[in-house]
Amino acid sequence: MGRDTIADIITSIRNADMNKKGTVRIASTNITENIVKILLREGFIENVRKHRENNNFFLVLTLRHRKNRQKPYSNIFYILNLKQISRPGLRIYSNYQRIPRILGGMGIVILSTSRGIMTDREARLEGIGGEILCYIW
């Protein structure tokens, strides 16, 4: 685990999904909890549990099982795609009018705004922009 918690979450979930793991264990912080709540609400993960071990809290995510993953070349189309946009060395900001639409609105953009972490749809409805954290499709 490095200092970039968002990259750690994205990498852990992507690796577990590619290796067909059922669960992922990530460190629990305020940012990770808010991002995981969005993923749960949008249907990208099935379940979340908070687990304590030696005074450290972890989130155990149950990934959504994807069907038809037995064929070797069909895996590409069923992998959960996550892409980090803003990083510690380069922050990317956008106002609510220029928030990108992922796959014509099929994917989501997670933003960090002055009112908390939210999806692109919520930010457009509220009329606020912020830092673009990641794309998920």
Side-chain angles (χ1 to χ4, degrees):
M1 293 277 177
R3 293 180 185 210
D4 189 7
T5 58
I6 297 169
D8 291 340
I9 297 169
I10 290 172
T11 304
S12 298
I13 294 173
R14 187 185 312 121
N15 288 342
D17 190 56
M18 286 174 58
N19 291 325
K20 302 175 188 174
K21 302 289 183 189
T23 60
V24 180
R25 185 176 141 185
I26 59 173
S28 177
T29 63
N30 289 336
I31 294 172
T32 58
E33 287 181 14
N34 289 329
I35 291 174
V36 166
K37 285 179 188 175
I38 289 173
L39 292 175
L40 183 64
R41 189 175 61 224
E42 295 290 328
F44 290 105
I45 58 176
E46 278 188 23
N47 192 12
V48 179
R49 288 187 329 246
K50 197 165 190 177
H51 180 69
R52 183 177 179 178
E53 186 176 299
N54 298 333
N55 293 332
N56 293 328
F57 287 97
F58 295 97
L59 294 174
V60 179
L61 312 177
T62 305
L63 299 179
R64 185 166 296 284
H65 179 67
R66 304 198 188 272
K67 297 179 180 175
N68 301 328
R69 291 183 70 165
Q70 291 83 16
K71 299 174 187 171
Y73 294 108
S74 66
N75 290 353
I76 297 169
F77 301 110
Y78 295 103
I79 293 175
L80 178 64
N81 292 306
L82 296 108
K83 182 178 181 185
Q84 182 183 12
I85 302 304
S86 201
R87 49 193 170 90
L90 178 64
R91 304 288 185 182
I92 306 295
Y93 296 94
S94 175
N95 62 9
Y96 76 97
Q97 297 164 336
R98 295 180 187 246
I99 297 172
R101 295 186 190 274
I102 305 303
L103 293 178
M106 298 285 288
I108 63 170
V109 178
I110 296 181
L111 295 124
S112 176
T113 67
S114 59
R115 296 186 189 158
I117 295 177
M118 60 180 64
T119 64
D120 55 340
R121 282 179 248 130
E122 295 168 345
R124 282 190 197 98
L125 286 175
E126 302 232 359
I128 55 175
E131 180 184 354
I132 299 175
L133 299 177
C134 61
Y135 298 158
I136 302 171
W137 69 95

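Here the structure is a predicted model, which means the values were calculated and not measured.
The shortest distance between side-chain heavy atoms of Ile26 and Asp8 does not fall below 4.5 Å. At least one side-chain heavy atom of Ile102 sits under 4.5 Å from a side-chain heavy atom of Trp137. Residues Arg121 and Glu42 form a side-chain contact, since some pair of their non-hydrogen atoms from C-beta on lies under 4.5 Å apart. No side-chain heavy atom of Thr119 sits less than 4.5 Å from a side-chain heavy atom of Val109. Side-chain contact between Arg14 and Leu80 is absent, with no heavy-atom pair separated by less than 4.5 Å. Between Cys134 and Ile10 there is a side-chain heavy-atom pair separated by less than 4.5 Å. Ser28 places a side-chain heavy atom less than 4.5 Å from the side chain of Glu33. Looking at Leu59 and Lys50, their side chains come closer than 4.5 Å, going by heavy atoms from C-beta outward.
Looking at Asp17, its side chain never comes within 3.5 Å of a backbone N or O of Ile13 through a donor-acceptor pair. Between the side chain of Asn81 and the backbone N or O of Ile136, no donor-acceptor pair lies under 3.5 Å.
How far CE of Met118 is from NZ of Lys37: 13.0 Å, rounded to the nearest 0.5 Å. In this structure, CD1 on Ile108 lies 8.0 Å from CZ on Arg41, to the nearest 0.5 angstrom. Atom CG of Asp120 and atom OG of Ser94 lie 10.0 Å apart (nearest 0.5 Å). For the atom pair CD1 of Ile35 and CG of Leu40, the computed distance is 14.0 Å after rounding to the nearest 0.5 Å. Distance check: Leu111 CG to Ile38 CD1 gives 8.5 Å after rounding to the nearest 0.5 Å. Atom-to-atom distance recorded for Gln84:CD and Thr11:OG1 is 7.5 Å, nearest 0.5 angstrom.
Within 6.0 Å of CZ in Arg101 there are 12 or fewer heavy atoms belonging to other residues, nucleotides or ligands. Within 6.0 Å of the CZ atom in Arg49, the count of heavy atoms belonging to other residues, nucleotides or ligands does not exceed 12. By the 6.0 Å contact criterion, CG on Asn56 is enclosed, its count of non-hydrogen atoms from other residues, nucleotides or ligands being greater than 12.
A cation-pi geometry, defined here as NZ or CZ lying under 6.0 Å from the six-membered ring centre and within 45° of its normal, holds between Arg25 and Phe58.
When hydrophobic clusters are built by joining Ile, Leu, Val, Met, Phe, Trp and Tyr residues whose side-chain heavy atoms come closer than 4.5 Å, directly or via intermediates, Ile31 is grouped together with Leu61. Ile128 and Ile85 fall into different hydrophobic clusters, where Ile, Leu, Val, Met, Phe, Trp and Tyr residues are linked whenever their side-chain heavy atoms come under 4.5 Å apart, directly or through other members. Note on Tyr135: it clusters hydrophobically with Leu90, by side-chain heavy-atom contacts below 4.5 Å among ILVMFWY residues.
In this model, no donor atom of one side chain and acceptor atom of the other lie less than 3.5 Å apart for Thr62 and Glu46.
Shown here for Thr23 and Ala16, the closest heavy-atom pair between the two residues is O-CB, 4.4 Å. Nearest approach of Ser86 to Glu131, heavy atoms of both residues: OG-OE2, 2.6 Å.
Not counting sequence neighbours, Lys21 has no partner by the salt bridge (charged side-chain N to carboxylate O under 4.0 Å, His left out) test.
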